[in-house]
Novice: 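Take this structure first; my questions come after.
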There are 2 protein chains.
Amino acid sequence: MASSIHDLARHLNISIGTVSRALNGRADVNADTRQRVLEAARTLNYSPNQSGRSLRQGATHSIAFMLQPHPGDQQYGEPFFIPFLIGLQAKLAESGLDLIVVMGAPGDYQQERLRRVVETRRADAVVLAWTRREDERIDYLTQAGFPFATLGRSRSGAKSYPSLDLDFEKAGADAVDRLVARGHRRIAAIRPSLNLNFGYLFLDGYRKALRRHGIEVDPELIASGFINEAGGYEVTPQVMRSKDPPTAIIFNNDAMALGGCKALAEMGIRPGHDMAVTVIVDTPLCRYFSPALTAFRPALEPMGQRLAEMLLASIPAFAGPEGPRIMREVWPLELVARDSD
Amino acid sequence: MASSIHDLARHLNISIGTVSRALNGRADVNADTRQRVLEAARTLNYSPNQSGRSLRQGATHSIAFMLQPHPGDQQYGEPFFIPFLIGLQAKLAESGLDLIVVMGAPGDYQQERLRRVVETRRADAVVLAWTRREDERIDYLTQAGFPFATLGRSRSGAKSYPSLDLDFEKAGADAVDRLVARGHRRIAAIRPSLNLNFGYLFLDGYRKALRRHGIEVDPELIASGFINEAGGYEVTPQVMRSKDPPTAIIFNNDAMALGGCKALAEMGIRPGHDMAVTVIVDTPLCRYFSPALTAFRPALEPMGQRLAEMLLASIPAFAGPEGPRIMREVWPLELVARDSD
DNA sequence: TGTGTTCTCGTAAACGTTTACGGAAAAACG
DNA sequence: CGTTTTTCCGTAAACGTTTACGAGAACACA
């Protein structure tokens, strides 16, 4: 069934070296014999054994994506990543690279799994997501000299790796601008705890925009909770207990927004009427929720493609003639106005 | 950096054969030397090179999951699969297996990608989803003698592979029973076109239940459309044009239901008031839609775990002492009553 | 014809494992 | 003490590639 390079050689009565060179498009092989090799490869249904190539070349031709389910996602995971993965995979496939998706158990920090991937040389590079402000995964990879790229920025790693991130800072500021223009002055911000980096970026933009409008940043209107529905549900009442409660809330995450809306509903507060609600990262849930949530939308699939390009461009073996380059990009989020603000 | 089995051997001044046997827990190695080997492996930070093992053993220690994005999923893909993948991956990891996620472009039938995985021996087995009634992927894999398991049943392949499916037939019947008990007699069914197998199963259950209640099956109340929101939007008006329009609609897919509800809204028909709406496979969207959609919920993560077990049990190399077994299971869907019916 | 160059190909080593085989040493047994 | 068994380990081949090296043949040129 599985025909090897030896089979081709025997069939054509030439050496395996010549077969290999012919298949790999090397120059030092007669045009005629190359034709015969390619033809035999087709008829004998040959395709190269990956393990053999990997062993010899020291490259696995696959990239690992570390997908970390959120703790508390009992039923449904992270739809956010699917379109990103589609883009990533499509671009990698163009270079003959496979995508390995490595998942940790919800809540574990992946160090263990990451280590395994690196040490067993299962992949040629990894892609990280949910970057933290200080990210030990990044420290580990840079220290190990292992190629990687990140979806999201981090303070770790001395910027020596490609990264693609969304402009949470601008989105936070845009959200404030919009709410202020609509007459709001008491604007709350709810973001994830842990030290997920985008939470900080969002908050920076939020703070700066408030100051720009001459509005004092009130710590009572800023809260952080677990990055899931329960977290939003739990933490939203905190900002509502302020002496001067908010008239608008910006949520940094769709799940937290949904939990927050539930809490609001129980207080008799209707988003879109009694409270303006804005969500920073749009998902289908925002669209179908009632009222439909105004949110900032990322271009996930193109981002996946782009990060694949950036990752490959950073690896000498894959970079083009102009040599490896480290790129860092920040992409905009697009406002989708709906009914909740 | 990367220490090999030779490094260990040199360091301990023994042969690589002994090192390998010690690491693999073979019997013919002195307990003392084994200790020393394991210790050296730890201090030298050894971990086996996967390519080397794969090449020698003829096994890659990874399983491929073929994820096919739906055509028309421009923005967000298939959240359905994430929890399934989590379960699958967790179970595979217990046996030291990695999960490779292979995606095709939306709309292509994966034959090409599947072929590549099989022929380059990138994975030891594959997991298929979205099984069709007659499925060429299954035909190909059985004919190639490549191990695989499916999420979903099919007519293809002579049942010689493990499969795990949801009981769409019973869910269809249960949905009818519930609606009949609530006084409905004109019940429509909307399912995906293509020949996705679960659409047929659902329709079988629907028909049988209607007959059981002495209700004639009216072809005008059955329609099929593309399995996305646009499909539901397009096809729902068809059943509404019946001389005797339905008072209830069962949708076989969440996205189609959302599109259908949009169409209904444009006709001034309110789900939960003027029309009972039931969805067969629950997703978070059903829960957050307004009105919240009554739906049948699968236990996705356990299903992923189970299918991993079943797949491994079917492969001689991984099956336990009792030898390989082909299992086929059908799991129930649990009704989640909400506001739409 | 002699020399140098260019094409083309075969040989063999190497990548890091696993494992069948055999042999030396130790232990057991008579 | 001789023989058999057991324990332990080294040797070497094998998995399927890629590639450095060298060599033979053909060719060009003087």
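None of these values were measured; they are calculated from a predicted model. Chain naming here is simple, since letters A, B, ... match the order of the sequence lines and numbering starts at 1 in each.
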Novice: Is there a side-chain polar atom (N or O) of B:N30 under 4.0 Å from OP1 or OP2 of D:dC9?
Specialist: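 No, because none of the side-chain N or O atoms of B:N30 sits under 4.0 Å from OP1 or OP2 of D:dC9.
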Novice: Toward the 5' end of DNA chain D, which comes first, B:N13 or A:R56, by nearest nucleotide?
Specialist: B:N13
Novice: C:dT17, OP1 or OP2 - any side-chain N/O from B:S20 closer than 4.0 Å?
Specialist: no
Novice: Ignoring hydrogens and angles, answer whether the base of C:dT17 and the side-chain atoms of B:R53 contain a donor-acceptor pair closer than 3.5 Å.
Specialist: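 No, no donor-acceptor pair under 3.5 Å.
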Novice: In this structure, how many angstroms lie between the C1' atom of C:dA26 and the CG atom of B:D32, rounded?
Specialist: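 That distance rounds to 16 Å.
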Novice: Think A:T18 has a side-chain N or O under 4.0 angstrom from the OP1 or OP2 of C:dG10?
Specialist: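 A:T18 to C:dG10 OP1/OP2: side-chain N or O found under 4.0 Å.
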Novice: With a non-hydrogen cut-off below 4.0 angstrom, is A:G17 in contact with a base, only sugar-phosphate, or nothing?
Specialist: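 Contact class for A:G17: base.
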Novice: Looking only at the side chains, is there a donor atom on one of A:N197 and A:S154 sitting less than 3.5 Å from an acceptor on the other?
Specialist: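 Looking only at side-chain atoms, A:S154 and A:N197 do not form any donor-acceptor pair under 3.5 Å.
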Novice: Could you check how far CG of B:L23 sits from C1' of C:dT17, rounded to whole Å?
Specialist: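 Spelled out: CG on B:L23 to C1' on C:dT17 is 11 Å.
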Novice: Could you tell me how far apart B:R26 (CZ) and C:dC21 (P) are, to the nearest whole angstrom?
Specialist: 13 Å
Novice: If you take all heavy atoms of B:H6 and B:I16, which pair is closest and at what distance?
Specialist: CD2-CG2, 3.5 Å
Novice: Can you tell me which nucleotide in C:dC9, C:dT18, D:dG16 comes closest to the side chain of B:Q57?
Specialist: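 It is C:dT18.
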Novice: Taking CD in A:E39 as the centre, count heavy atoms belonging to other residues, nucleotides or ligands within less than 6.0 Å. Is the count above 12?
Specialist: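 No - once you tally the heavy atoms of other residues, nucleotides and ligands closer than 6.0 Å, there are 12 at most.
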Novice: Quick one about A:S54 and A:S51 (side-chain donor to acceptor, distance below 3.5 Å, no hydrogens or angles considered), yes or no?
Specialist: no
Novice: In terms of the nearest nucleotide of DNA chain D, which residue is placed more toward the 5' end: B:R121 or B:V19?
Specialist: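 Residue closer to the 5' terminus by nearest nucleotide: B:V19.
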Novice: Grab the CG-C1' distance between B:L8 and C:dG16 for me, whole Å please.
Specialist: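 These atoms are roughly 12 Å apart.
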Novice: Counting the atoms with a prime plus P, OP1 and OP2 as sugar-phosphate, which does B:T33 contact under 4.0 Å by heavy atoms, base, sugar-phosphate, or nothing?
Specialist: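 Here B:T33 touches the backbone only, sparing every base.
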Novice: If I take atom CD in residue B:Q50 and atom P in nucleotide C:dT18, what distance separates them, rounded to the nearest angstrom?
Specialist: 10 Å
Novice: Between D:dT11, C:dT17, D:dT19, which nucleotide gets closest to the side-chain atoms of B:S15?
Specialist: D:dT11
Novice: D:dC9 C1' sits how many Å from B:L12 CG, rounded?
Specialist: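 Those two atoms, CG and C1', are 14 Å apart.
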Novice: Take the protein atom CG of B:N24 and the nucleotide atom C1' of D:dC9, then report the distance between them rounded to whole Å.
Specialist: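 Value for this atom pair: 15 Å.
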Novice: Determine whether B:R137 and B:D135 satisfy the following criterion, salt bridge (charged side-chain N to carboxylate O under 4.0 Å, His left out), listing intermediate values before the conclusion.
Specialist: CA-CA 5 Å; B:R137 302 171 298 172; B:D135 202 311; 2.8 Å; yes
Novice: C:dC15, OP1 or OP2 - any side-chain N/O from B:N49 closer than 4.0 Å?
Specialist: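 No, B:N49 has no side-chain N/O under 4.0 Å of OP1/OP2 on C:dC15.
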Novice: Among C:dG16, D:dT18, D:dG16, which is the nearest nucleotide to the side chain of A:H6?
Specialist: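 Ranking C:dG16, D:dT18, D:dG16 by closest atom to the A:H6 side chain puts D:dG16 first.
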Novice: Would you kindly give the CG-to-C1' distance between B:L55 and C:dA14, to the nearest whole Å?
Specialist: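 Roughly 12 Å, once rounded to whole Å.
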Novice: Nearest to the side chain of B:D28 - D:dC15, D:dC8, C:dT18?
Specialist: D:dC8
Novice: Is B:I14 touching bases, backbone alone, or none of the nucleic acid, heavy atoms closer than 4.0 Å?
Specialist: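 The answer is sugar-phosphate, as B:I14 gets under 4.0 Å only of primed atoms, P, OP1 or OP2.
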Novice: So, OP1 or OP2 of C:dC9: does either fall under 4.0 Å of a side-chain N or O from A:R21?
Specialist: no
Novice: Do the charged groups of B:R155 and B:D139 touch, with an N to O distance under 4.0 Å?
Specialist: no
